[in-house]
Amino acid sequence: MPKENENFFSKVYEVVRQIPYGKVTSYGAIAKHLGAAGSARMVGWAMNASHNLPDVPAHRVVNRKGLLTGKHHFKGTNLMQQLLESEGIAVIDNQIQDFEKHFWHPGKS
DNA sequence: ATTCTGACGTGGG
DNA sequence: CCCCACGCCAGAA
């Protein structure tokens, strides 16, 4: 059986790192996948710590509404949106267009 | 130790 | 879809 000795943060990084190009997911989806449903805030906290990690595209992780709630935590004010648009994702007023269409479900490599 | 806040989510209205 | 209240865990003051 898959052991889950890794820390919660490590798991979050693992999942986020697997997000394919041009796709996005939500904190809750990740939290739920990790079995920490309800503690989606911890996922966001993990993302905060992920700033040191190079392969963790935090810009591909948004809230359940597809809103770029964390854009303020990036270097620039529009860096997150710019990155998403660069991947073919339309973003208007911090809101991802066709969010469901670009949504990526955790666990699917 | 207590209190508040926070990159969220869910449920009820 | 909106708004309001609560739950969740970790960290800062």
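Chain A is the first sequence line, chain B the second, and so forth, proteins listed ahead of strands; every chain is numbered from 1. Heavy-atom basis, side chains included; hydrogens, waters and symmetry copies ignored.
- Put simply, CD1 on A:I19 is 13 Å from C1' on B:dA7, counting in whole angstrom units.
- Between A:K65 atom NZ and C:dC1 atom P there is a gap of 9 Å when expressed in whole angstrom units.
- Using a 4.0 Å heavy-atom cutoff across all strands shown, A:N48 reaches at least one base atom of the nucleic acid.
- The closest side-chain heavy-atom distance from A:F8 to A:V43 is below 4.5 Å.
- The separation between A:L67 atom CG and B:dG9 atom P is 10 Å, rounded to whole Å.
- Not one N or O on the side chain of A:Q81 forms a donor-acceptor pair closer than 3.5 Å with the backbone of A:L79.
- Note on A:A58: a base of the nucleic acid sits closer than 4.0 angstrom, heavy atoms only.
- For B:dA7, its base sits under 3.5 Å from the side chain of A:H51 at one donor and acceptor pair at least.
- Contact of the A:R60 side chain with the A:Y21 side chain is registered, since non-hydrogen atoms from C-beta on lie closer than 4.5 Å.
- A:L34 has its CG atom 13 Å from the P atom of B:dG9, to the nearest Å.
- Per the geometry, CG belonging to A:L68 stands 13 Å off P belonging to B:dA7, to the nearest Å.
- Under a hydrophobic clustering in which Ile, Leu, Val, Met, Phe, Trp and Tyr are joined whenever their side-chain heavy atoms come within less than 4.5 Å, directly or via other members, A:I19 and A:V12 fall into the same cluster.
- Look at CG on A:N63: it is 11 Å from P on C:dC2, rounded to the nearest Å.
- Using a distance-only test at 3.5 Å, with no hydrogens or angles considered, no donor-acceptor pair links the side chain of A:N78 to the main chain of A:Q82.
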Whether each nucleotide of nucleotides 7-13 of chain C has a protein heavy atom under 4.0 Å at its base (B), only at its sugar-phosphate (S) or at neither (-) is summarised, 5' to 3', as BBBSS--
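- Judged by distance alone, the side chains of A:E87 and A:H59 do bring a donor and an acceptor atom under 3.5 Å apart.
- Atom pair A:M47:CE and B:dA7:C1' shows a separation of 9 Å (rounding to whole Å applied).
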